[in-house]
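Here's the structure, in structure tokens; my notes come after.
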2 protein chains.
Amino acid sequence: MPPAPGDREARRKDVSEAVWRVLADKGFGGLTLRSVATAMNVSTGMLMHYFPTKRALIAHALDLLEKRTAERPRRERPAEGLASVRAMLLDILPLTGDDTARNRIWVSSWDLALADEGLATGQADRYTRLRATIRPHLEAARALGELPTTADPEQLAATAVAFTHGLVVQALFDPGRFPEGVQAAMLDDFLASLGPGRT
Amino acid sequence: MPPAPGDREARRKDVSEAVWRVLADKGFGGLTLRSVATAMNVSTGMLMHYFPTKRALIAHALDLLEKRTAERPRRERPAEGLASVRAMLLDILPLTGDDTARNRIWVSSWDLALADEGLATGQADRYTRLRATIRPHLEAARALGELPTTADPEQLAATAVAFTHGLVVQALFDPGRFPEGVQAAMLDDFLASLGPGRT
DNA sequence: TTACGTACCGAACGCATGTTACGTACCTGG
DNA sequence: CCAGGTACGTAACATGCGTTCGGTACGTAA
């Protein structure tokens with residue numbers, strides 16, 4: 001029997017940490033077995049014990065990205081409606097260092113995803129799920145009178161996601177111009193513009 | 001003297017075409033001297049005659065991307081104000097095959113740009129210029145009463161760019177869900193929501 | 001104890017990459 | 001005509017990559 005049955009998951013966690021560090025400052029283009037190995041001061045052969053091929057490592061990196069995104073600390077959800085949408089989008093924006101790293105890695109993964117059909121549909125599904133998560137809150141907002149009665153929640157969800165991720169990209173490239181306050185103000189103005197009150 | 005002084009630029013144009021083809025379906029991660037060479041049925045040595053190093057080839061690819069973006073066919077600009085902004089943003093969205101390829105290559109370049117400080121500031125500057133191009137039209141729109149008098153043109157330009165590029169990314173990954181009509185409708189609704197009329 | 005399977009290292013392999021060197025064809029200037 | 005420089009192609013080079021292989025240490029099972 002294996003000498004340390006519980007260590008295996010612990011080791012994989014160590015590898016995950018090293019993969020994350022590499023991705024955060026080199027991106028997927030700089031993700032290599034040796035870079036990960038030297039980042040945790042082990043040999044490449046050790047990596048192969050836990051991830052038999054590089055595809056497996058990349059798959060693990062993407063899983064890790066999705067997992068860390070799902071398990072990131074989130075704001076409490078305030079009252080239903082646009083306030084909830086605001087909290088969800090604030091949780092996406094690169095306001096803290098961790099958020100910045102996570103977003104940076106997501107953007108980096110797009111190069112890979114666009115070149116691989118399987119990864120591309122995975123990313124498309126992820127967007128679909130994100131819109132589906134936001135949509136009920138927009139429906140609630142409409143019911144509360146925070147949106148025009150003619151508003152299309154599905155389309156608005158796509159618009160909100162578009163605004164948010166477009167802001168993410170601009171903020172990643174020019175963090176000095178998009179500090180936390182600016183991002184929050186842009187989000188608030190964007191959400192306010194969705195409100196009813198026009199002819 | 002060189003045997004064909006005018007051919008040099010013609011040859012570089014051929015190389016550009018091959019580089020473009022490679023980028024369009026492999027991205028920057030798949031841009032290699034041999035992939036370009038085989039894409040135009042020549043040897044790698046021939047490439048080195050025109051681009052002595054790979055950095056030069058990458059720099060040329062980025063220049064090409066910027067040039068093709070700048071020189072792409074554009075809609076006529078209608079009346080000043082939001083209608084002009086609409087035309088500018090429509091010119092960005094991936095509505096045609098060429099637009100899709102161009103946007104795909106831009107997104108692919110972000111992985112490279114985020115890992116290289118020089119390229120990152122270049123991309124940041126590009127965004128600054130794009131916002132600066134849109135901003136005067138937003139000021140005109142405000143003067144025309146198409147925007148609230150309290151509107152901040154610089155911030156609105158950033159918001160419009162964010163919405164547009166966020167939509168670009170979603171559309172690239174899920175073109176079936178974002179056909180031309182959907183993208184245009186989203187843009188129109190987004191611009192309409194900026195209008196005055198609220199308390 | 002022995003036997004065995006796991007964990008891991010270090011070195012090597014095969015391959016693709018960027019780059020360089022050498023050779024040849026060709027056009028141009030004298 | 002010839003001399004020389006340019007435009008390639010061919011072949012080799014060194015490097016870094018993913019992957020494989022033998023070997024050692026160790027803990028468990030019998």
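In this text, all values refer to a predicted model and were calculated from it rather than measured experimentally. Residue numbering restarts at 1 for every chain, and letters A, B, ... go by the order of the sequence lines.
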With a 4.0 Å cut-off, would you call [X] and [Y] a salt bridge?
X: Arg74(A); Y: Asp91(A); answer: no
X: Glu17(B); Y: Arg68(B); answer: yes
X: Glu66(A); Y: Arg102(A); answer: no

[X] [atom1] - [N] [atom2] separation (whole Å):
X: His49(B); N: dT24(C); atom1: NE2; atom2: P; result: 15 Å
X: Lys26(A); N: dG16(D); atom1: NZ; atom2: P; result: 14 Å
X: Leu47(B); N: dC8(D); atom1: CG; atom2: P; result: 11 Å
X: Lys54(B); N: dT17(C); atom1: NZ; atom2: C1'; result: 8 Å
X: Arg11(B); N: dT6(D); atom1: CZ; atom2: P; result: 17 Å

Testing the 3.5 Å rule here: is there a donor-acceptor pair between the side chains of Gln170(B) and Arg131(A)?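 Side-chain D/A pair, Gln170(B) to Arg131(A): present.
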Asp99(A) and Thr96(A): side chain donor to acceptor below 3.5 Å
yes
Which nucleotide in the set [options] lies at the smallest distance from any side-chain heavy atom of [X]?
X: Leu33(B); options: dG9(D), dT19(C), dC8(C); value: dT19(C)
X: Met48(B); options: dG18(C), dT20(C), dC8(C); value: dT20(C)
X: Met46(B); options: dC17(D), dT19(C), dG9(D); value: dG9(D)
X: Ser43(A); options: dC8(C), dC8(D), dC9(C); value: dC9(C)

Requested in this report: Determine the contact category for Phe51(B): base if any of its heavy atoms lies under 4.0 Å from a base atom, sugar-phosphate if only primed atoms, P, OP1 or OP2 are that close, otherwise nothing.
Outcome: nothing
*With a non-hydrogen cut-off below 4.0 angstrom, is Thr44(A) in contact with a base, only sugar-phosphate, or nothing?*
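Since a base atom lies under 4.0 Å of Thr44(A), the category is base.
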On DNA chain C, more 5' by nearest nucleotide between Tyr50(A) and Pro52(B) is Tyr50(A)
DNA chain C: 5'-proximal contact among Asn41(A) and Gly45(B) (nearest heavy atom):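 In this pair, the answer is Asn41(A).
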Should [X] be listed as having a side-chain N or O under 4.0 Å from OP1 or OP2 of [N]?
X: Thr32(A); N: dG16(D); answer: no
X: Arg55(B); N: dG18(C); answer: no
X: Thr53(B); N: dG18(C); answer: no

message: So for Arg34(B) and dG18(C), does any side-chain atom that can act as donor or acceptor lie under 3.5 Å from a complementary atom in the base?
response: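 Such a pair is found, so the answer is yes.
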Open item on the list: Only pairs with both distances under 3.5 Å count, Watson-Crick or wobble alike; so what is the partner of dC26(D) in this structure?
Closed with: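 By the stated definition (distances under 3.5 Å), dG5(C) pairs with dC26(D).
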